[in-house]
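Order of appearance sets the numbers: ligands from 1, and atoms from 1 within every ligand.
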Amino acid sequence: ALPSFGPVDPFQLVKEEIDSVSERLRRSIFTGIPTLRSAAQYFFKVGAEGKRFRPTMLLLMASSLSSVMPSPDYLTVDDRPPNVHPEEERRRQQRIAEITEMIHVASLLHDDVIDNAEMRRGLKALNSVFGNKIAILAGDFLLARASVSLAALRDSEVIQLLSQVIEDLVTGEILQMTSTEEDLLSLDHYVRKTFHKTASLMANSCKAIAILGGQNREVAQSAWEYGRHVGLAFQFVDDVLDFTGSTMQLGKPALNDLKSGLATAPVLYAAEEHPELHALILRRFKCEGDVERATELVFNSRGIQRARDLAAQHAELAVQAVQSLPACSNEHALMCRQALTEITARVLARKK
Ligand code: FPP
Ligand code: MG
Ligand code: MG
């Protein structure tokens with residue numbers, strides 16, 4: 001069992017460092033082309049950055065595996081250009097946090113075009129400000145800059161891990177678009193799609209942190225498992241919030257999944273109790289009244305609870321992955337492990 005340090009706030013613990021990573025990120029997407037600059041900066045402006053959940057998790061993972069407390073020097077902004085190789089382990093790990101956030105936002109820009117979304121993070125979606133073409137190109141630009149930073153790490157395994165994430169994001173999106181009738185009703189297919197869409201980024205970036213921290217295969221695998229389970233839990237909760245959250249809370253429309261034709265865990269579980277849902281799922285809730293009827297059936301079933309339980313199971317597996325990390329006596333590392341555990345609780349409790 002881990003020693004307890006009393007309550008730790010995972011976000012507070014690394015906030016200063018995250019702020020400097022965010023600042024570096026803003027600098028590394030600078031371009032002299034004005035439209036591209038404002039489009040690319042859009043979701044990285046102070047106040048528009050979202051929860052910064054991924055970079056927080058990654059820096060906590062980095063500290064959890066370190067035998068020393070990070071020097072305060074690393075709280076300053078690393079102002080070397082993106083193509084310069086950083087020698088220091090912590091700086092390389094910060095780059096992973098930055099690159100991960102860039103890939104994440106690039107995928108959101110493309111996703112909002114595909115979904116024809118109007119809102120994101122309580123703001124207008126980029127496509128509804130600049131149009132689809134600029135939004136797609138801004139996403140491509142972020143991937144390009146992320147690639148430069150990634151290459152500068154000069155670690156081919158880490159490059160492969162983060163490139164795999166991009167492939168998985170695309171695969172997840174295609175799986176979702178091209179599901180067969182059997183797929184549409186399958187919880188298994190839904191979980192596989194969710195791994196690609198959400199968990200791969202967290203799993204592979206956590207593993208990259210461990211590798212850059214000089215950890216062996218086994219530890220890198222535990223880091224990967226942690227990210228995978230947190231990612232799955234995160235998305236299952238997201239899919240519950242789509243039913244239980246309000247548009248105000250979420251910063252994007254509620255019941256969006258049903259309206260987009262997607263059957264997520266709450267619906268798939270509800271369909272086991274109400275077979276009437278099968279036809280609605282297969283026609284992707286396209287007929288008049290389908291969204292309302294499906295919502296009613298979900299709320300009159302154990303669907304929401306079972307989806308929450310599924311998220312809780314993965315949160316517990318994430319905690320076990322933290323517990324399987326090698327013994328360590330560094331107090332700060334132990335506190336960060338406790339914070340990684342606390343993150344899983346926050347994922348389950350989150351309202352947006
Ligand atoms: C949000 O899902 C979308 C994703 C998690 C990934 C989208 C991936 C692509 C569009 C592939 C292209 C990838 C890159 C790297 C450019 P959602 O639509 O279910 O959720 P939302 O409510 O947040 O929109
Ligand atoms: Mg979307
Ligand atoms: Mg989508």
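Between D290 and R284 there is no salt bridge, since no side-chain nitrogen of the basic residue lies less than 4.0 Å from a carboxylate oxygen of the acidic one. Under a 4.0 Å N-O distance rule, the pair E88/R80 qualifies as a salt bridge. Contact check on K252 versus D242 returns no salt bridge, with no Lys/Arg side-chain nitrogen under 4.0 Å from an Asp/Glu carboxylate oxygen. Remark: R52 engages D19 in a salt bridge, criterion side-chain N to carboxylate O under 4.0 Å. Between D111 and K197 there is no salt bridge, since no side-chain N of the basic residue sits under 4.0 Å from a carboxylate O of the acidic one. Using a cut-off of 4.0 Å between Lys/Arg side-chain N and Asp/Glu carboxylate O, E157 and R217 are scored as salt-bridged.
The aromatic rings of F130 and Y42 lie perpendicular to each other, with more than 60° between the two planes, well past the 30° mark.
Remark: the backbone N or O of D73 is paired with a side-chain donor or acceptor of T76 at under 3.5 angstrom. Not one N or O on the side chain of R120 forms a donor-acceptor pair closer than 3.5 Å with the backbone of L126.
Distance from atom 16 (C) of ligand 1 to its nearest protein heavy atom, with residue and atom name: H110 ND1, 3.0 Å.
With ligand atoms numbered from 1 in the order given, ligand 1 contributes 2 (O), 5 (C), 17 (P), 19 (O) to contacts under 4.0 Å with heavy atoms of K197. Taking a cut-off of under 4.0 Å to the non-hydrogen atoms of D115, the atoms of ligand 1 that pass are 18 (O), 24 (O). Taking every non-hydrogen atom of I114 and a distance limit under 4.0 Å, the qualifying atoms of ligand 1 come out as 10 (C).
For ligand 1, none of its N or O atoms has an N or O atom of Q235 under 3.5 Å away. Between K252 and ligand 1, a contact under 3.5 Å exists for at least one N or O pair. Residue D111 places at least one N or O, backbone or side chain, under 3.5 Å from an N or O of ligand 1. Considering both main-chain and side-chain atoms, R120 comes within under 3.5 Å of ligand 1 through a nitrogen or oxygen pair. Between N256 and ligand 1, no N or O atom pair is found at a separation short of 3.5 Å.
Taking the ring axis of F234 as reference, the NZ or CZ atom of R54 stays within 45° of it and closer than 6.0 Å to the ring centre.
With respect to the Mg ion (ligand 2), D115 has OD2 as its nearest N, O or S atom. Of all the N, O or S atoms in D111, the one closest to the Mg ion (ligand 3) is OD1.
Proximity of D242 to ligand 1, defined as any heavy-atom pair under 4.0 Å, is not found for any part of the residue. Only the side chain of E173 comes within 4.0 Å of ligand 1, counting heavy atoms alone; its backbone N, CA, C and O stay farther away. Only the side chain of L143 comes within 4.0 Å of ligand 1, judged by heavy-atom distances. Looking at D140 against ligand 1, nothing comes within 4.0 Å, counting heavy atoms.
Counting only non-hydrogen atoms, the option in L142, D112, L169 that gets closest to atom 11 (C) of ligand 1 is L169.
Distance check for E173 against the Mg ion (ligand 3): none of its N/O/S atoms falls below 2.8 Å.
E98 and Q94 are not linked by any side-chain donor-acceptor pair at a separation below 3.5 angstrom, with hydrogens and angles left out of the test.
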